[in-house]
Amino acid sequence: MPELPEVETIRSGLAELLPGQRIAGVEVLLNKSLSAPESHITTHIAGAGVTDVRRRGKIMIVDLSSGYSLLVHLKMTGQLVFEAGGQQPAKPGTGTNEPHSCPNPTSETGDGRRVAGGHPTQSMAGDLPDKTTRVIFTFQDGSKLFFNDQRTFGWMKLVERSKVERDKCFMAMGVEPLGSQFEVCHLKSRLKHRKAAIKTLLLDQSHVAGLGNIYADEALHLAQVHPSREGQSLSDEEIERLHAAIIKVLGDSIQAGGTSFTSYVNANGITGDYLHNARVYRRQGEPCRACGTTIDKIKVGQRGTHICPNCQKLT
DNA sequence: CAATAGCCCTGGTGGC
DNA sequence: TGCCACCAGGGCTATT
């Protein structure tokens with residue numbers, strides 16, 4: 001599921017591709033995927049240019065010249081894939097190339113899909129649209145942006161640019177973990193007097209914005225804190241470790257182009273790379289990279305949770 | 001107010 | 001082979 005690093009990877013890709021593009025048309029294949037009055041779609045999306053692509057927490061913000069912005073939450077299986085228009089060579093015989101080429105800021109893949117960062121030749125998405133495609137944006141130069149979402153939990157909505165910051169989805173959102181406002185004392189104050197499990201608190205977007213199941217598990221392992229521990233039980237030293245761990249796992253993942261598994265792809269339909277280096281996530285039964293103990297999978301707050309029982313002790 | 005359970009949804013998996 | 005219960009999970013809502 002896209003968390004902060006995945007959304008940031010997609011954002012930076014789209015930020016190189018979309019600004020300057022003008023939207024020619026919008027095709028909504030599943031109504032609930034895009035909430036905006038029909039009249040607004042024709043008047044405030046169609047014909048508008050894209051001016052900027054931003055991010056807040058796990059939500060992407062696409063600013064339009066019409067004075068409106070599109071907010072996008074990918075939830076678990078959402079994807080935003082850009083397909084360049086113009087030339088469409090369609091080479092059916094082209095096989096997969098080297099899976100780990102060097103970072104490539106902007107290049108052509110030869111099939112019309114443009115690549116901005118990440119790993120250009122790694123498992124591309126198939127032909128689009130497909131059965132998971134919910135919304136298609138067509139640009140004046142023939143390029144397209146596909147909003148795909150297998151499980152349809154994701155959403156896009158159109159809001160006035162001036163009201164974006166006050167939108168309901170941002171009102172209760174906590175600090176950006178990679179921003180200057182995320183300080184140890186902030187985390188301390190949010191965990192104080194809280195009896196809920198530390199992992200549950202990390203997943204609560206009102207404390208820190210952008211952490212999901214993957215990076216909560218990863219950060220807790222790096223900080224050597226058991227996810228079931230009560231928030232209030234963490235020592236100052238543990239909170240300091242956790243604070244540093246959150247910043248490190250998110251930063252490392254962005255560096256690697258986001259996590260690679262199931263349905264995550266970046267703006268160009270390309271998978272990420274972080275999971276190869278995951279500490280505990282989806283590694284149950286395998287040895288801990290730090291101490292060799294077998295990674296365990298438990299439940300914390302209804303969520304599947306991966307721990308090293310040796311590195312992360314309850315007491 | 002804090003904590004928790006249920007719900008939305010589809011595709012993959014494992015048991016029979 | 002088919003059928004089906006079950007699981008995955010972000011975040012909103014209702015309940016305690």
Selected nucleotide, minimal atom distance to A:R194 side chain, candidates B:dA5, B:dA2, B:dC9: B:dA2
Please determine whether a side-chain nitrogen or oxygen atom of A:K299 lies at a distance below 4.0 Å from atom OP1 or OP2 of C:dA8. yes
Does the pair A:K188/A:E183 count as a salt bridge with the N-to-O cut at 4.0 Å? no
Please give, in whole Å, the distance from B:dA2 C1' to A:R190 CZ? 13 Å
OP1 or OP2 of C:dG11 sitting under 4.0 Å from any side-chain N/O of A:Q205? yes
Mind checking the CD1-OG spacing from A:I61 to A:S69? Nearest 0.5 Å is all I need. 7.0 Å
Nearest-angstrom distance from the residue atom CE of A:M173 to P of C:dG11: 7 Å
Any salt bridge linking A:R55 with A:E8? Criterion: basic side-chain nitrogen under 4.0 Å from a carboxylate oxygen. yes
For a quick check of understanding: with a heavy-atom distance under 4.0 Å over all strands, which category does A:K297 fall into, base, sugar-phosphate or nothing? sugar-phosphate
Would you give the length of the straight line joining atom NE2 of A:H186 to atom CD of A:Q181, rounded to the nearest 0.5 angstrom? 8.0 Å
In terms of ring plane angle, is the pair A:H44 and A:Y68 parallel, tilted or perpendicular, where the classes change at 30° and 60°? parallel
Measure from CE on A:M76 to C1' on B:dC8 and round the result to the nearest Å. 9 Å
Between C:dC7 atom C1' and A:N213 atom CG, what is the distance in whole Å? 13 Å
When we call it a touch if two heavy atoms are under 4.0 Å apart, what does A:G301 touch: a base, just sugar-phosphate, or nothing? nothing
Nearest-Å distance for atom pair CG/P, residues A:L74 and C:dG11: 11 Å
Could you tell me how far apart A:R303 (CZ) and C:dA8 (P) are, to the nearest whole angstrom? 10 Å
Per atom distances to the A:Q302 side chain, the nearest of C:dG10, B:dA5, C:dT13 is B:dA5
If the cut-off is 4.0 Å, is A:K58 near the phosphate of C:dG11, judged by side-chain N/O to OP1 or OP2? yes
Rounded to the nearest Å, what distance is computed from the CG atom of residue A:D217 to the C1' atom of nucleotide C:dA8? 13 Å
Can you tell me if A:H73 touches the phosphate of C:dG11, counting only side-chain N or O atoms and a distance under 4.0 Å to OP1 or OP2? yes
Is the shortest side-chain N/O distance from A:R282 to OP1 or OP2 of C:dA8 below 4.0 Å? no
Gap between atoms CG and P, on A:D204 and B:dA2 respectively (whole Å): 10 Å
Tell me which nucleotide among C:dG11, B:dC8, B:dG11 gets nearest to the side chain of A:Q150. B:dG11
